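Residue numbers begin at 1 in each chain, while the letters A, B, ... track the order of the sequences. All of these numbers come straight from a predicted model, not from anything done at the bench.
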Amino acid sequence: MQVASVIVDVAARQTDKEFDYKIPEKWEGLIQPGMRVIVPFGPRKIQGFVTALKNASSAKKLKSIIEPMDLLPVLNPELLKLADWLTETTLCFKISAYQAMLPAAMKAKYEKVFRLREAAASMNEELLSLFHRHDEITWEMAEKEGLLAALRQEVKANRAELIYKVTSKGKKKSIRMIGLALSDDKLADSMNALSANARKQKDVLSYLQAAELPLLPAKEVMEQTGTSNGTLKALIEKGLLVERYQEVYRDPYENRQFEQTEPLPLTDQQQTAIAPILGSIEDVRHETFLLYGVTGSGKTEIYLQSIQRVLEKGKEAIVLVPEISLTPQMVHRFKGRFGDDVAVLHSGLSAGEKYDEWRKIQRKEVKVVVGARSAVFAPFENLGIIIIDEEHETSYKQEENPRYHARETAIERAKFYQCPVILGSATPSLESFARAQKGVYQLLSLPNRMNNQRLPDVEIVDMREELRHGNRSMFSRALFEKLTDRLEKGEQTVLFLNRRGHSSFIMCRDCGYVAGCPHCDISLTYHRYSHQMKCHYCGFEEPVPSTCPECQSEHIRYFGTGTQKVEDELGKLLPQARVVRMDVDTTSRKGSHEKLLQQFAEGKADILLGTQMIAKGLDFPNITLVGVLSADTMLHIPDFRSAEKTFQLLTQVSGRAGRHQLQGEVVIQTYTPDHYSIQLAGKQDYDQFYKEEMVMRKLGSYPPFYYLALVTVSHEDLLAASSATEKITHYIQARLSNEAIILGPVASPIARINNRYRYQCLIKYKREPKLNHVLKSVMEHYTKQHNDKGLQVAVDVNPFIMM
DNA sequence: CATTAAAACATG
DNA sequence: ATGTTTTAATGG
């Protein structure tokens with residue numbers, strides 16, 4: 001007898017273990033570890049993942065697998081092992097780890113339907129008529145009609161049954177193909193046998209006869225011959241045509257031409273940097289490289305040529321980029337070099353498109369994957385390199401379970417395949433740079449820009465000074481002057497608005513009242529298009545008050561300049577300027593992002609105005625001025641990384657200027673011009689920033705000197721939350737060494753979300769082998785309370801967001 | 001003692 | 001997570 005160990009699709013602590021199932025004889029030898037199966041679980045049917053096969057089970061009773069959902073495993077043995085590691089290090093459920101590795105389209109969909117077994121006179125009339133009209137009544141239908149109770153009775157009486165359905169969300173797309181059913185000579189006979197009236201049918205047959213391929217898309221045949229589906233159907237009926245459904249991929253880049261490029265000759269510094277990488281590929285040796293190079297120093301060409309070598313070895317490559325839909329230029333470079341060998345995975349694709357790209361990888365139809373965070377799980381089996389571009393980006397950390405970091409995950413996979421990892425950045429994360437300093441990673445530097453282009457000149461403007469001079473607009477005199485100058489010269493400008501930190505809120509000028517969410521301790525955000533105040537945490541919404549609810553004053557001010565407002569002001573000050581605005585509002589529609597960029601690239605606009613999303617990957621030759629409207633909004637968020645983030649962002653934005661022949665200029669407007677992150681970003685001096693920031697981190701006992709783990713506890717009752725956090729803090733403290741620093745319990749920076757009070761405990765540590773075990777037992781112990789007392793405990797190992 | 005709601009339990 | 005069983009609470 002064959003038995004399969006299965007992880008079931010129920011994300012809960014109690015079910016986070018293997019359940020054994022008998023493999024029916026007909027599937028023996030077919031069902032493999034890594035496959036999805038449908039299994040009975042209690043009274044229902046659910047999806048599960050086979051993790052192992054055995055000959056016997058210690059379980060008292062065994063049920064049988066209902067059916068496999070895959071013909072081949074969707075998770076290879078290496079990925080199954082990686083899931084174990086993910087579960088262990090991020091303290092998530094095994095099922096969550098599996099699901100994170102697969103495209104969302106493969107998540108199971110569950111449906112409950114009632115079916116009539118035998119009608120009885122005693123039945124509810126409404127119910128009978130519903131069953132008369134429908135074969136099945138879905139659970140939702142029954143709920144809406146208020147028939148659930150009645151149906152439950154009928155099920156009990158065995159006159160109806162409740163059926164649990166499991167389906168995969170993802171649908172393979174297929175198209176109808178048409179071909180001739182008979183060989184030529186037989187066909188001739190049949191054609192003669194056709195009545196003279198069947199002109200159209202004859203047309204179709206001769207069209208197909210003339211075609212080179214045996215099967216043609218039905219749509220094409222109908223268009224070309226001017227016939228309708230009826231004609232085809234008739235021919236199929238007569239046995240003259242065959243119809244087949246052929247699976248096709250949804251190709252998001254279908255109508256795009258990518259000009260093929262050849263490897264460029266490397267500069268000396270690129271040569272020096274790439275040599276160790278090629279060496280590591282050659283020796284099949286795992287090593288992590290930190291490729292530290294300023295913007296425009298030619299990192300991408302190093303990526304491309306390293307991959308080239310990997311492909312020559314018959315291996316595969318993964319390239320991670322922060323958010324690829326935002327950097328179409330990156331896709332172009334990879335598609336341009338490796339053509340159809342490239343699959344692309346990013347959030348701009350539909351679920352179906354992602355599923356198709358994933359299947360291309362699984363079927364080994366591509367060799368290179370370019371994608372966002374989750375692409376680190378691309379199901380390759382002969383990996384030769386993993387590249388993480390802009391490795392400092394925080395989007396590489398997933399903020400829901402499993403809370404993994406793509407960088408650590410990539411390194412774990414690379415260890416298995418004994419292949420190199422390249423971390424590329426102009427402003428490496430402090431963690432990575434410190435590791436490079438210690439020799440954990442090998443540091444590769446590209447200190448100079450290609451063709452020794454000068455870095456842009458940066459001017460830091462003190463906005464307090466502007467105010468003192470009576471300038472109350474959002475443009476400093478310096479920026480405005482330069483802006484006008486560029487307009488005259490016909491050169492382009494990028495205006496960057498950093499809205500993270502405090503987004504637009506409203507405040508009463510008389511009493512200082514700020515509209516806050518009634519369920520969360522956070523101010524509401526103003527949304528212009530709907531003229532509503534919204535809470536970004538719980539979704540609460542209310543119209544903007546016309547008078548202050550506190551003091552009835554009518555002096556209500558909108559704070560936190562939005563892009564829209566900047567656009568309006570630009571329109572007033574420089575009516576002749578053509579402005580392209582890019583933010584969440586203007587790029588929400590699919591493809592609009594690229595369209596706007598295209599517009600700007602073609603010179604149809606003078607000014608590109610936007611938020612975060614324009615900081616990355618723009619490379620247009622005509623941009624000679626970059627303006628940062630308020631550099632310090634991010635500095636004030638309570639996060640030990642705020643200086644680092646500010647520095648990274650400013651450096652990155654500045655890098656947009658003057659990447660080609662024309663010299664670039666940058667204007668940074670700030671209220672805190674003396675802050676080292678702003679000063680040093682102005683000088684583009686990463687090394688000095690690293691030194692100064694390391695001192696701060698050391699003083700605060702923060703990474704990279706200490707690791708962090710954050711425990712967040714929430715409860716509807718403030719006291720319950722705080723006292724539970726206190727107990728947890730003590731419990732943890734008692735089990736760790738004296739080296740560990742434990743902060744808490746303290747209220748979270750956002751003390752209440754959705755009417756739940758939040759407390760936290762922050763653990764700073766260097767080496768605590770027992771920590772994961774301790775945290776696990778905390779969660780275990782408190783899941784019990786979760787059910788009865790409404791307590792929620794969440795653990796984030798190596799958190800990025802401390803709120 | 002019946003009815004209903006809440007808590008405990010099991011899921012192979 | 002979710003459906004079932006057990007236990008407790010409510011009310012006559």
Side-chain angles (χ1 to χ4, degrees), chain A residues 1-25 27-28 31-33 35-69 87 91-100 104 106-115 137-140 142-143 146-158 160-169 400-402 714-717 720 779-794:
Chain A
M1 178 181 69
Q2 259 201 325
V3 175
S5 297
V6 174
I7 294 288
V8 293
D9 181 21
V10 180
R13 196 138 296 277
Q14 294 114 295
T15 50
D16 185 31
K17 56 174 184 175
E18 288 174 336
F19 288 87
D20 289 346
Y21 287 89
K22 198 152 69 181
I23 297 177
E25 263 171 49
W27 309 117
E28 258 184 52
I31 289 182
Q32 296 294 323
M35 276 187 186
R36 296 173 304 161
V37 289
I38 295 172
V39 292
F41 194 63
R44 51 202 176 126
K45 278 199 304 192
I46 57 172
Q47 190 188 67
F49 287 85
V50 177
T51 55
L53 301 181
K54 333 190 254 193
N55 292 318
S57 170
S58 54
K60 284 193 202 85
K61 55 173 181 174
L62 277 188
K63 287 186 183 175
S64 287
I65 287 174
I66 293 168
E67 61 175 324
M69 292 179 83
T87 310
L91 305 172
C92 69
F93 304 132
K94 189 65 65 68
I95 190 69
S96 314
Y98 290 153
Q99 247 139 30
M106 287 171 78
K107 233 181 123 176
K109 222 173 63 182
Y110 299 103
E111 207 188 359
K112 288 185 284 188
V113 298
F114 293 98
R115 227 178 252 169
I137 300 178
T138 65
W139 184 277
E140 289 73 28
E143 205 166 32
L147 291 168
L148 270 183
L151 273 163
R152 207 166 287 171
Q153 271 192 343
E154 300 303 329
V155 171
K156 232 177 205 166
N158 210 14
E161 61 181 333
L162 177 57
I163 296 166
Y164 294 86
K165 287 188 177 175
V166 185
T167 42
S168 206
K169 269 189 193 160
E400 64 230 44
N401 283 331
S714 71
H715 196 281
E716 284 185 10
D717 181 46
M779 296 219 283
E780 207 123 312
H781 180 250
Y782 280 93
T783 8
K784 269 216 153 94
Q785 312 228 332
H786 161 73
N787 296 328
D788 30 290
K789 290 185 188 152
L791 201 73
Q792 270 177 38
V793 181

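For the pair A:D9 CG and B:dT11 C1', the computed distance is 14 Å after rounding to whole Å. As rounded to whole Å, 10 Å separates atom P of C:dG3 from atom CZ of A:F114. Put simply, CD on A:Q14 is 11 Å from P on B:dC9, counting in whole angstrom units. Rounded to whole Å, atom P of C:dG3 lies 16 Å from atom CD of A:E161. Going from atom CG of A:L62 over to atom P of B:dG12 covers 10 Å, rounded to whole Å. Across the protein-nucleic acid pair, A:R13 atom CZ and C:dT2 atom C1' stand 18 Å apart, rounded to whole Å. Between the CD1 atom of A:I23 and the P atom of B:dG12 there is a distance of 17 Å, rounded to whole Å. When the C1' atom of B:dT11 is taken as reference, atom CD1 of A:I7 falls 13 Å away, rounded to whole Å.
Phosphate proximity of B:dT11 to A:K17: absent, as no side-chain N or O sits under 4.0 Å from OP1 or OP2.
Within the 4.0 angstrom heavy-atom criterion, only backbone atoms of the sugar-phosphate kind lie near A:Y164; the bases stay farther away. Among the protein residues, A:F41 comes within range of the nucleic acid bases, having at least one heavy atom under 4.0 Å from a base atom.
The side chain of A:K61 lies closest to B:dT11, out of C:dG3, B:dT11, C:dA1.
Annotation: the span from A:F19 atom CZ to A:I46 atom CD1 amounts to 8.5 Å, rounded to 0.5 Å.
Residue pairs meeting the salt bridge (Lys or Arg N to Asp or Glu O under 4.0 Å) criterion with at least one member in residues 4-13 of chain A, sequence neighbours excluded, are A:R13-A:E780. Residue pairs meeting the salt bridge (Lys or Arg N to Asp or Glu O under 4.0 Å) criterion with at least one partner in residues 35-60 of chain A, sequence neighbours excluded, are A:D20-A:K54, A:R36-A:D70.
In the interface, the side chain of A:R44 is paired with the base of C:dA1 through a donor and an acceptor atom under 3.5 Å apart.
A 4.5 Å side-chain heavy-atom check between A:T167 and A:E111 finds every atom pair outside the cut-off.
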